[in-house]
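Read the structure below first, then the notes.
Because only heavy atoms are used, hydrogens play no part in the values below, and waters and symmetry mates are left out as well, while side chains stay in. Just so you know, ligand 1 is whichever comes first in the structure, and atom 1 is the first atom listed for that ligand. This one's a predicted model, so the numbers in the text were calculated from it and none came from an experiment.
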Amino acid sequence: MARAWSLKSRPHGMPVHTDFAMIDLPVAVLNEGEVRIANRWLSVDPYMRGRMNDVKSYAPPFALGEAMQGGAVGEVVESRAENVAVGDMVLHMAGWRDEAVLPANQVQKLPPLAVPPQAFLGQLGMPGMTAYFGLLTVAEAKEGDVVFVSAAAGAVGSTVVQVAKARGMTVIGSAGGAEKCAWVSSLGADHVIDYKAPGSVVKKLMAAAPNGIDVYFDNVGGEHLDAALATGNLHARFAICGMIDIYNDGKPTELRYLARLIGMRIRMTGLLVSDHMHRAAEFYQEMGGWLAAGKLKSEETMFDGLDAMPDAFLGLFTGGNTGKMLVKV
Ligand SMILES: NC(=O)c1ccc[n+]([C@@H]2O[C@H](COP(=O)([O-])OP(=O)(O)OC[C@H]3O[C@@H](n4cnc5c(N)ncnc54)[C@H](OP(=O)(O)O)[C@@H]3O)[C@@H](O)[C@H]2O)c1
């Protein structure tokens, strides 16, 4: 019997284990055009926290009591579709479960790049595209810019660091703890900030960027965004990608330096990766080249088995991951 995680109750603040329940999925006989997939890798992503709230947003709320969704990579084990064969590895959105039955037009065969299949949930997938298009298209970052990126040891942030270095920028990354900071340095970051060490992020960023920053890639919001506002140069560009700092409590931090937007004519732009998916071929081409040249490193934090999905998800909010957080089924 296939199993899936469902949302049992809508969390208030940080989710707890009792907000989730495992359900059995009804036995599904394949219709014409459908495939059965044995999921091998499941993604947990911070945006899923937003889908747990009953509010209208760019992604619909998870329905209580029903199988949750999310990125997944799996192997086709049965097919009634012409263009998808048994044994194909595919990417799709029916995650949080061990088996998925989907119309073939809702699955994507993995692009032909020499990486392990789970990379298409991380650096070569949605988080990687977020980093690539957020930095280069939304923030219009270019050679010579000084780029600040928060959550730099995470899936998106660690890719921002490496794309920025590959394109000739100076990079300052922020992460929580000495070990993560050392890893961010090993990716090529010119300066790292341990935001959990004593002292304010504003002061740490001012010390790391005495001549200011040209680009901020925001994954966190809060004090990090304020520090970026405090150090933004004339015509600095901010790509506002995520604000994980407020996903659970919903309370924005006071931005003491917000008025610098005016004098410095700073441009802040919200970013949604889905706006850029149609340019995936460009992304695969340039990332593929950097991969082949040995310029990209990635890391995974892996939990084992479907039962571990809530633990993996909750770990995103306590810094439990270095690189991409994944569950291996
Ligand atoms: N707009 C879009 O289309 C889009 C697409 C993908 C992702 N995102 C956003 O991008 C951000 C990163 O996503 P990801 O998938 O790459 O996750 P991730 O960075 O791999 O994982 C989350 C990391 O955030 C850090 N964090 C958690 N709570 C924090 C807090 N209160 N203050 C500072 N840091 C905190 C933790 O690292 P530390 O140990 O360093 O604290 C944690 O490891 C998220 O905000 C996500 O929502 C947006």
Begin with the C-alpha distance, continue with both residues' side-chain angles, and end with the deciding distance and a verdict on side chain to side chain donor-acceptor pair (under 3.5 Å) for Gln69 and Arg97. CA-CA 8 Å; Gln69 300 94 37; Arg97 69 197 77 185; over 6 Å; no
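- Within the 4.0 Å heavy-atom cutoff, Arg49 does not count among the residues contacting ligand 1.
- Between Phe133 and His276, the ring planes lie parallel to each other; the angle is under 30°, not in the 30° to 60° tilted range.
- Counting protein heavy atoms only, atom 9 (C) of ligand 1 is closest to Cys241 SG, 3.7 Å.
- Under a 4.0 Å N-O distance rule, the pair Asp226/Arg256 qualifies as a salt bridge.
- Using a cut-off of 4.0 Å between Lys/Arg side-chain N and Asp/Glu carboxylate O, Glu140 and Arg267 are scored as salt-bridged.
- The single protein non-hydrogen atom nearest to atom 13 (O) of ligand 1 is Pro46 CG, 3.6 Å, given as residue, atom name and distance.
- Protein heavy atom at the shortest distance from atom 16 (O) of ligand 1 is Val156 N, 2.8 Å.
- Ligand 1 lies less than 4.0 angstrom from a heavy atom belonging to Gly323.
- Ionic pairing of Arg3 and Asp307 is present here: one or more N-O contacts between side-chain nitrogen and carboxylate oxygen are shorter than 4.0 angstrom.
- When hydrogens are left out, the protein atom nearest atom 40 (O) of ligand 1 is Gly176 N, 2.8 Å; that is the closest non-hydrogen contact.
- The closest approach between Ala153 and ligand 1 stays at or above 4.0 Å for every heavy atom of the residue.
- When hydrogens are left out, the protein atom nearest atom 41 (O) of ligand 1 is Tyr195 OH, 2.4 Å; that is the closest non-hydrogen contact.
- At a 3.5 angstrom cut-off on N or O pairs, Gly320 does not count as close to ligand 1.
- Looking at Asp245, Asn248, Leu316, Val220 and measuring to atom 42 (C) of ligand 1, the nearest heavy atom belongs to Leu316.
- Closest to atom 12 (C) of ligand 1, if we only count protein heavy atoms, is Asn219 OD1, 3.8 Å.
- A salt bridge between Lys324 and Asp45 is present, with a side-chain N of the basic residue lying under 4.0 Å from a carboxylate O of the acidic one.
- Salt bridge annotation for Asp145-Arg237: present, with a cationic side-chain nitrogen under 4.0 angstrom from a carboxylate oxygen.
- In this structure, Phe217 and Phe148 have side chains that are not in contact, with every pair of non-hydrogen atoms separated by 4.5 Å or more.
- Ring geometry, Phe20 versus Trp96: the interplanar angle falls under 30°, so the pair is classed parallel (tilted spans 30 to 60°).
- Of the protein's non-hydrogen atoms, the one nearest atom 2 (C) of ligand 1 is Leu271 O, 3.7 Å.
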With side chain to side chain donor-acceptor pair (under 3.5 Å) as the criterion, how do Asp19 and Ser9 come out once you've worked through the C-alpha distance, each side chain's angles and the decisive distance to 0.1 Å? CA-CA 5 Å; Asp19 290 325; Ser9 48; 2.7 Å; yes
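- The protein heavy-atom contact nearest to atom 19 (O) of ligand 1 is Gly154 CA, 3.3 Å.
- Remark: distances from the non-hydrogen atoms of Met126 to ligand 1 include one below 4.0 Å.
- Those atoms of ligand 1 that come under 4.0 Å of a heavy atom in Ala155, given as number and element, are 16 (O), 18 (P), 19 (O), 20 (O).
- In this structure a side-chain-to-backbone donor-acceptor pair under 3.5 Å is present from Lys180 to Gly319.
- Evaluated by nearest non-hydrogen atom to atom 47 (O) of ligand 1, the leading choice among Tyr58, Tyr247, Phe317 is Tyr247.
- Contacts with ligand 1 closer than 4.0 Å are made by side-chain heavy atoms of Thr130 only, the backbone lying farther away.
- At least one heavy atom of Lys180 sits under 4.0 Å from some atom of ligand 1.
- Note on Ile37: it does not cluster hydrophobically with Leu30, by side-chain heavy-atom contacts below 4.5 Å among ILVMFWY residues.
- Considering backbone and side-chain atoms alike, Lys324 places every N or O at 3.5 Å or more from each N or O of ligand 1.
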